[in-house]
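Below is one structure; the comments refer to it alone.
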Amino acid sequence: MPSFTPTRRTLLKTGTAAAAFATLGPAFLRQAAAQDADLAPYKSAQIDWQQVSGETITVAVIPASYFENLITLAPQFKALTGIDVRFEKIPPAQIRQKSVIDLTSKTGTYATHAADPMYYALYAANKWVEPLDTYLADKSLTDPAWFKLDDIIPAWRSANGIDGKLYGMPYDGEVTIQVYRKDLYDAKGLKPADTLEAYMSNAAALNTPNDRVWGAALRGVAGAGQNMYIYPSIFREFGGDWMKGGKLTVNGPEAEAALAWYVDIMKKYAPTAAANWNWPDIADAFSQGTVASYIDAHSSASVINNPEKSKVIGKVAYARWPKGPSGKRTTSIWNWGFPINSALPEKKRKATWLFIQWAASAETQARTAHKFAGPTKRSGVNRTSVWKDPDYIKLMNGFGENFVEATMGALQDDTDVDWRPRVPQWPAIGDTMATAIQSALSGQASIKAALDDAQRRIEPMMRG
């Protein structure tokens, strides 16, 4: 991280201003003026950004472009606050494990980290992270009129809250939507499915394996964030209730009907290999023209529109989740959020909050998205106001027809904070359910046997 460069205002306050200007010359003046302009939107907040200048914090993130963009802008944060930020890049599976180890050991290695929303129940139950409400309410640390918490997408805030308290500030997020080949649909006179039944029918109509085109694909690989990123939406759309009668329940008629639909579409209309596919595999297959439709994170739109690899640019359109038999649409509501490690000393907690406030602010969200100078543009900004910005809409609609409308419709109307069971035991429950789903998808177990076995395995976890 570069050292702090004094601004023109700083130098003018010293008795050596004239000598400094004579030594540094016009180039420095231009640099100082540019830095002042960069920081001006932040300095309009009625707080002292420099109140813990000199602190150093470590932030763990995953190696993804939306965090790379933030890292690129980190020198601006140093200039604004005097706080040094070290970033450690850790793959998604490992970041969960390493963060839990750090929190349980109370070493405070990571001031904050890219946190999985399903982990907040565990974090809160053990008081490993701080409720952010305290920081939001402290006017010496937060200018509410500037930060505008209500502008942050409500669904992601809800996902990061437990018992009415916010534990992680959303930075980048996603929802699942329907992605389809408009040209193939038009050729058959099809419309994007409004129901799961219609989605199955569309897949059947477009399934021509002899021409190397399959009707649909969904994630099949086992994992709490893989097939258990898709199945819970289907379960809820079939009327499933995770906490039936106050007891965590993963089997029963609704679960069997939901898993039967999942197995049916994967066995009949997806490539055989899809039973072990994650979202990048599906997006790659779709971009090569071998899959007619899929349901997954809206952020995969950037992959299927990669001009260096995709063969379907200009042929893609989007729609919200098809309704289930219950009459509801249920999207997944994922986000990477930033919590504050409770093991930190007070000054480092304040420094961490200032970093979180900066990263989640509307200004930084725009600067890491459509205003970012680099080639990668974010599609998961956390601000409703940015999603309404004409420049951002123009950029996002370049991904294909109805992209912004489908994504915002899902975020506003199809979210269900309990689409997965938000309990402290989630890490083990998610893995157990993922294994059961894959065993049914692969034909290793019947649907009922797979779910009943998962129920038997999960019950002791809930008693522990």
Test side chain to side chain contact (heavy atoms under 4.5 Å, CB included) applied to A216 - qualifying residues, sequence neighbours left out = Y199, A203, I265
Do the two ring centres, one from W426 and one from Y119, sit under 6.0 Å apart?
-> no
Ring centers of W279, Y294 separated by less than 6.0 Å = no
Output side-chain donor-acceptor pairs under 3.5 Å for residues 139-146, partner residues at least two apart or in another chain, one line each.
from: S140; atom 1: OG; to: D138; atom 2: OD1; distance (Å): 2.6
from: S140; atom 1: OG; to: D138; atom 2: OD2; distance (Å): 3.4
from: T142; atom 1: OG1; to: Y135; atom 2: O; distance (Å): 2.7
from: T142; atom 1: OG1; to: W353; atom 2: NE1; distance (Å): 2.9
from: D143; atom 1: OD1; to: A145; atom 2: N; distance (Å): 3.1
from: D143; atom 1: OD1; to: W146; atom 2: N; distance (Å): 3.4
from: D143; atom 1: OD2; to: Q46; atom 2: N; distance (Å): 2.9
from: W146; atom 1: NE1; to: P41; atom 2: O; distance (Å): 3.0
from: W146; atom 1: NE1; to: S44; atom 2: OG; distance (Å): 3.4

Of I282, I304, D296, I295, which is the lone residue that meets side-chain contact (heavy atoms from CB on, under 4.5 Å) with V179?
-> I304
Partner residues of R420 under the salt bridge (charged side-chain N to carboxylate O under 4.0 Å, His left out) criterion, sequence neighbours left out | none
CG-OH distance between D163 and Y120, expressed to the nearest 0.5 angstrom | 15.5 Å
Applying ring-ring contact (aromatic ring centres under 6.0 Å, His included) between F77 and each of W49, Y42, W358, F87, report the one that passes.
-> W358
Does the pair R422 and W242 meet the rule for a side-chain contact (heavy atoms from CB on, under 4.5 Å), with working shown?
-> CA-CA 9 Å; R422 296 192 302 156; W242 297 113; over 6 Å; no
Taking the six-membered ring for Trp, is the centroid-to-centroid distance between Y123 and H113 below 6.0 Å?
-> yes
Sequence-distant partners of D452, salt bridge (charged side-chain N to carboxylate O under 4.0 Å, His left out), two or more places apart = K448
Does V61 offer a backbone N or O that forms a donor-acceptor pair with the side chain of E88 under 3.5 Å?
-> no
Side-chain donor or acceptor of T104 paired with backbone N/O of I101 under 3.5 Å | yes
With sequence neighbours excluded, tell me which residues meet salt bridge (charged side-chain N to carboxylate O under 4.0 Å, His left out) with K89.
-> E68
With the side chain counted from C-beta on, respond yes when Q455 and K247 share a heavy-atom pair under 4.5 Å apart, and no when they do not.
-> yes
Run the side-chain hydrogen bond (donor to acceptor under 3.5 Å, both in side chains) check on T376 and N69 step by step: do they pass?
-> CA-CA 8 Å; T376 55; N69 293 7; 3.2 Å; yes
Side chain to side chain donor-acceptor pair (under 3.5 Å) contacts touching residues 431-441 (sequence neighbours left out) | N276-Q438
Evaluate whether atom CD of E197 has more than 12 neighbouring non-hydrogen atoms of other residues, nucleotides or ligands under 6.0 angstrom away.
-> no
Ion pair check, D453 and R457, cut-off under 4.0 Å | yes
Would you call the rings of F67 and F338 parallel, tilted or perpendicular, where under 30° means parallel and over 60° means perpendicular?
-> tilted
Main-chain N/O of E363 paired with R383 side-chain donor or acceptor, under 3.5 Å | no
Give a yes or no on whether the backbone of V175 and the side-chain of H298 come within a donor-acceptor separation of less than 3.5 Å.
-> yes
Rounded distance [0.5 Å steps], CE in M396 versus CG in D389 | 11.0 Å
Return the minimal non-hydrogen interatomic distance between A125 and P424, and the atom names on each side.
-> CB-CG, 4.1 Å
Enumerate donor-acceptor pairs with a distance under 3.5 Å from any side-chain N or O in residues 52-60 to protein atoms, sequence neighbours excluded.
from: S53; atom 1: OG; to: Q50; atom 2: OE1; distance (Å): 3.4
from: E55; atom 1: OE1; to: K348; atom 2: NZ; distance (Å): 3.3
from: T58; atom 1: OG1; to: R86; atom 2: NH1; distance (Å): 2.8

Test side-chain contact (heavy atoms from CB on, under 4.5 Å) on T352 and L344 and set out the steps.
-> CA-CA 9 Å; T352 305; L344 300 174; 3.5 Å; yes
Report yes or no: do Y66 and S379 form a side-chain donor-acceptor pair below 3.5 Å?
-> no
Please find out if less than 6.0 Å separates the ring center of W334 from that of W336.
-> yes
Under 3.5 Å, is there a donor-acceptor pair between the side chain of W419 and the main chain of R236?
-> no
State whether D413 and R329 are salt-bridged, where the test is any N-O pair (Lys NZ or Arg NE/NH1/NH2 against Asp/Glu carboxylate O) under 4.0 Å.
-> no
Partners passing ring-ring contact (aromatic ring centres under 6.0 Å, His included) against F399 (at least two apart in sequence or in another chain) | F403
Just by distance, with hydrogens left out, do E174 and Y229 show a side-chain donor and acceptor under 3.5 Å apart?
-> yes
For residues R219 and G225, report the shortest heavy-atom separation together with the two atoms involved.
-> NH1-O, 2.9 Å
Would you say the side-chain atoms of N126 pair up with the backbone N or O of W128, donor to acceptor, closer than 3.5 Å?
-> no
Taking R367 for the side chain and K371 for the main chain, is one N or O donor matched with an acceptor at less than 3.5 Å?
-> no
Heavy atoms of A258 and F238 approach each other most closely as CA-CD1, 3.7 Å
Output side-chain donor-acceptor pairs under 3.5 Å for residues 319-326, partner residues at least two apart or in another chain, one line each.
from: R320; atom 1: NE; to: D414; atom 2: OD2; distance (Å): 2.9
from: R320; atom 1: NH2; to: D414; atom 2: OD1; distance (Å): 2.9
from: W321; atom 1: NE1; to: T176; atom 2: OG1; distance (Å): 2.7
from: S326; atom 1: OG; to: E237; atom 2: O; distance (Å): 2.7
from: S326; atom 1: OG; to: K328; atom 2: N; distance (Å): 3.4

Do any pairs count as a side chain to side chain donor-acceptor pair (under 3.5 Å) and have a residue in residues 256-267, sequence neighbours left out, and if so which ones?
-> D264-K268
Under 3.5 Å: donor-acceptor pair, side chain of N160, backbone of L166 | no
At their closest point, which heavy atom of S233 faces which heavy atom of S332, and how far apart are they?
-> OG-N, 3.7 Å
What is the minimum heavy-atom distance between D241 and M243, and which atoms define it?
-> OD1-N, 3.1 Å
Check whether any side-chain N or O of K377 sits under 3.5 Å from a backbone N or O of G374 as a donor-acceptor pair, and report yes or no.
-> yes
Is the backbone of T112 close enough, under 3.5 Å, to the side chain of N341 for a donor and an acceptor to pair up by distance?
-> no
Give, for atom CD1 of I83 and atom NZ of K78, the distance between the pair rounded to the nearest 0.5 Å.
-> 10.0 Å
Sequence neighbours excluded, the answer for salt bridge (charged side-chain N to carboxylate O under 4.0 Å, His left out) partners of K244 is E254
Taking all atoms of both residues into account, what is the closest heavy-atom pair of M169 and L132, and its distance?
-> N-CD1, 3.5 Å
Donor on one side chain, acceptor on other, S310 and N305, under 3.5 Å = no
Quick one: which of D150, L149, D151 gives a side-chain contact (heavy atoms from CB on, under 4.5 Å) with F147?
-> L149
Who passes side chain to side chain contact (heavy atoms under 4.5 Å, CB included) against K165, sequence neighbours left out?
-> P131, D133, Y167
